[in-house]
2 protein chains.
Amino acid sequence: MKRGVTIKDIAKKLNMSVSTVSKALNNDVSISALTSERVKALAKQLNYIPNEAARHFKLAKSFTLGLIIPDILDQYYAVAANGVEETAEKNGYNVILTQSHEDEQKEDRIVDVMIRNRVDGVIVSITKNRTDMQPFEKLLSIGIPVVCIGREPKSGQFDYVSSNNHDGAVMATEFLIGKGHRRIAHLMGPAGMRTSQARFEGYKQALANHGIPFRNELTECVDLTRAGTFAAMQRLMRLPEPPTAIVTFKNYVTLDAIDYLKKYYPELVDKVQFTGFGNLPILHHLDHKPLASIEESSFEMGEEAARILFERIGEDGENTERVYRSSQLPCRLVVHDDGE
Amino acid sequence: MKRGVTIKDIAKKLNMSVSTVSKALNNDVSISALTSERVKALAKQLNYIPNEAARHFKLAKSFTLGLIIPDILDQYYAVAANGVEETAEKNGYNVILTQSHEDEQKEDRIVDVMIRNRVDGVIVSITKNRTDMQPFEKLLSIGIPVVCIGREPKSGQFDYVSSNNHDGAVMATEFLIGKGHRRIAHLMGPAGMRTSQARFEGYKQALANHGIPFRNELTECVDLTRAGTFAAMQRLMRLPEPPTAIVTFKNYVTLDAIDYLKKYYPELVDKVQFTGFGNLPILHHLDHKPLASIEESSFEMGEEAARILFERIGEDGENTERVYRSSQLPCRLVVHDDGE
DNA sequence: TTGTACGCGTTATCAG
DNA sequence: CTGATAACGCGTACAA
């Protein structure tokens, strides 16, 4: 790092003290207009660029947010990251984006890096299998606020933002009911995830709302692999009375399920109707697509999480009695019509 | 930021000087084993975490890389970002990931932020329309090395890593020739992009290699919008002799082109064969897909760019006579067979 | 082998 | 309104 122009240089050239220069640059009210002008003019002329590293150090603030997501290639998180980033930028903050790749140990290391770098706050979508929230509790104990997104914290007291999975599942299911379906199956997510449970509850709720009895055999868990979805679909389709519609947990589950039908029950493709979470732009290009998608407001989730985080950062840290927030953003039902 | 444990605290408790502690923690050879042990033990016990902000300031190094890409939702860049990140992590570096959204002014601001934050190096995929490289030349002049990826720098002296677009286009075209096609069209990218030109050249080269005359009317530029692709396809298909195969510039161009056929020439879908750049995982799920895809090694591109950057960072900056590198990573042809 | 002293660039405090 | 000075946490010559 080549040594750049510093306020010291400016002060020297102007025969002023560094403190005056600093204040002028920071628009301190106690500086005369004239002085302020001169300082700023010279600063521009010399191409002065403040050394944030020094500021951070001095102010004991990094003006940086840490963001931990499982996978950047998952649009859901990528979009959420955009929401975080945009909000951060508005507040003059940078974001360090990291991926856990669903690896708990990697997540531990990431948290450590964030502490070392003294980020001012962390937004995290915790790994699927994590059981203890220890590293995040450590962050809190150090005074670095944490906001969870998408995946509910397993324990402890954390702010939490997600889409309203329950209501989204209700919407999806009721949409299919509205289309006249009565035997509606659910390809449920991994049982260990709260998200799966919430969507499952919504599915059952919708059935109940319309007087349709819940049938255990119509719900199958998937592990988010193609093979897992195929196996689940096989069990569903071999039932004495197979479902006529299916509510799915996620994008790729929907696509794999449709692929299964294409392969083994080609006559039923486009007969069995799907509605699921996640709305990929690519759906446009599919011949056999879900009837509708539940679009999760992941951008807004990122925004909201960042907003909450900034509030926490602004707080004094000494309020021992915080109220932790849990906010559920509404989903939207998007119907895929073929007309264009 | 709550004040954490510092080496000063450790020194006090151990009745040593801070410098001893600092050296012990950094495994300085001049420290006795005993002292070193005691320091490290207490450090662990007190949960000491080095303040990187202070180190960065002191060392005039941020151990941070700046990465600027157009859009994180574009898999090509997201994967490249992973390559950068992984290499950075191996070197104990963080990455600040930013998006220009193809907005030149935003890119200018981003560069400014990076300077303020004293990143040690920058990797950038410059915006499509940029004409002057001024901000990046500024980075170089300050002593912050820059490596361009994916998109060739418009001017000046920069290291540059990309996929081998020329050879990739040759592969794509020859693959179609091998399938017996003679009237092969090219949906070319925006004429202003060097990438478009390189692929166009490759396309022509392949034709020449096999004695097929190049026909001007078989190449159409697209602007990467759906409407633009539709218009280009219309012109191609209305030719007296429409093409029997098409080499496309990018993922979504391929998909839109196929959609066009589905809509206006349904009898020709699956007759007109495609091969294009970009291999999206989603292609699996399509009924009508390109015959093959050119997979660009974008992960490796990110890795390579980071590697070069670290070399530059290691250099003394005072070598006025640098040799700038331009490396072209090979592409792979992936044939999409339907069997599974 | 250990300690002393200094400085990195900035801001805050307090005195003038 | 301006200036002198201390301090942030750390690393490093140089002295002991």
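Just so you know, these numbers come straight off a predicted model, no measurement behind them.
The side chain of B:Lys8 places an N or O atom within less than 4.0 Å of a non-bridging phosphate oxygen (OP1 or OP2) of D:dC8. An OP1 or OP2 oxygen of C:dT11 is reached within less than 4.0 angstrom by a side-chain nitrogen or oxygen of A:Arg55. When the side-chain nitrogen and oxygen atoms of A:Tyr48 are compared with OP1 and OP2 of C:dT10, one or more of them lie within a distance under 4.0 Å. Look at A:Asn26 and you'll find a side-chain N or O under 4.0 angstrom from OP1 or OP2 of C:dT11.
B:Gln328 and B:Ser162 share a donor-acceptor pair across their side chains, judged by distance under 3.5 Å alone. Residues A:Asn27 and A:Lys40 have side chains that bring a donor and an acceptor to within less than 3.5 angstrom of each other.
Straight-line distance from the CG atom of B:Asn51 to the P atom of D:dG11: 10 Å, rounded to whole Å. One atom, CG of A:Asn27, and another, P of D:dC1, lie 14 Å apart when rounded to the nearest Å. One can place NZ of A:Lys61 at 12 Å from P of C:dA12, the figure rounded to the nearest angstrom. One interatomic measurement links the two molecules: NZ of B:Lys12 to C1' of D:dG9, which rounds to 13 Å at whole-angstrom precision. Distance NE2 (A:His56) to P (C:dT10): 12 Å, rounded to an integer number of Å. Rounding to whole angstrom units, CD1 of residue B:Ile7 and P of D:dT12 are separated by 11 Å. D:dC10 atom C1' lies 13 Å from atom CG of B:Asp9, rounded to whole Å. Note: CD1 (A:Ile49) to C1' (C:dT10) measures 16 Å, nearest angstrom.
Comparing C:dG9, D:dG11, D:dG9 against the side chain of B:Leu59 picks out D:dG11 as the nearest.
Applying the 5.5 angstrom centroid cut-off and the 30 degree plane-angle cut-off, the aromatic ring of B:Phe57 is not stacked upon the base of D:dC10.
Taking the centre and axis of the six-membered ring of B:Phe57, the NZ or CZ atom of B:Arg118 falls outside the cone set by 45° and 6.0 Å.
Sorted by first and then second residue, the ring pair (Phe, Tyr, Trp, His ring centres under 6.0 Å) pairs involving residues 25-55 of chain A (not counting sequence neighbours) form an empty list.
Note: A:Phe63 and A:His56 have tilted aromatic rings, judged against thresholds of 30 and 60 degrees for the angle between ring planes.
For the atom pair OG1 (A:Thr6) and CD1 (A:Ile49), the distance works out to 12.5 Å, reported to the nearest 0.5 Å.
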Kindly give the atom pairs (protein nitrogen or oxygen, nucleotide nitrogen or oxygen) under 3.5 Å for nucleotides 2-5 of chain C.
{"from": "C:dT2", "atom 1": "OP1", "to": "B:Ser32", "atom 2": "OG", "distance (Å)": "3.3"}
{"from": "C:dT2", "atom 1": "OP1", "to": "B:Thr35", "atom 2": "OG1", "distance (Å)": "2.5"}
{"from": "C:dT2", "atom 1": "OP2", "to": "B:Ser32", "atom 2": "N", "distance (Å)": "2.9"}
{"from": "C:dT2", "atom 1": "OP2", "to": "B:Ser32", "atom 2": "OG", "distance (Å)": "3.2"}
{"from": "C:dT2", "atom 1": "OP2", "to": "B:Thr35", "atom 2": "OG1", "distance (Å)": "3.1"}
{"from": "C:dG3", "atom 1": "OP2", "to": "B:Ser17", "atom 2": "N", "distance (Å)": "3.2"}
{"from": "C:dG3", "atom 1": "OP2", "to": "B:Thr20", "atom 2": "OG1", "distance (Å)": "2.6"}
{"from": "C:dG3", "atom 1": "N7", "to": "B:Ser19", "atom 2": "OG", "distance (Å)": "3.4"}
{"from": "C:dG3", "atom 1": "O6", "to": "B:Lys23", "atom 2": "NZ", "distance (Å)": "2.6"}
{"from": "C:dT4", "atom 1": "O4", "to": "B:Ser19", "atom 2": "OG", "distance (Å)": "3.0"}

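With hydrogens and angles ignored, a donor-acceptor pair closer than 3.5 Å exists between the side chain of A:Lys58 and the base of D:dA7.
Look at B:Lys106 and A:Glu86 and you find no salt bridge, because none of the NZ, NE, NH1 or NH2 atoms lies under 4.0 Å from a carboxylate O.
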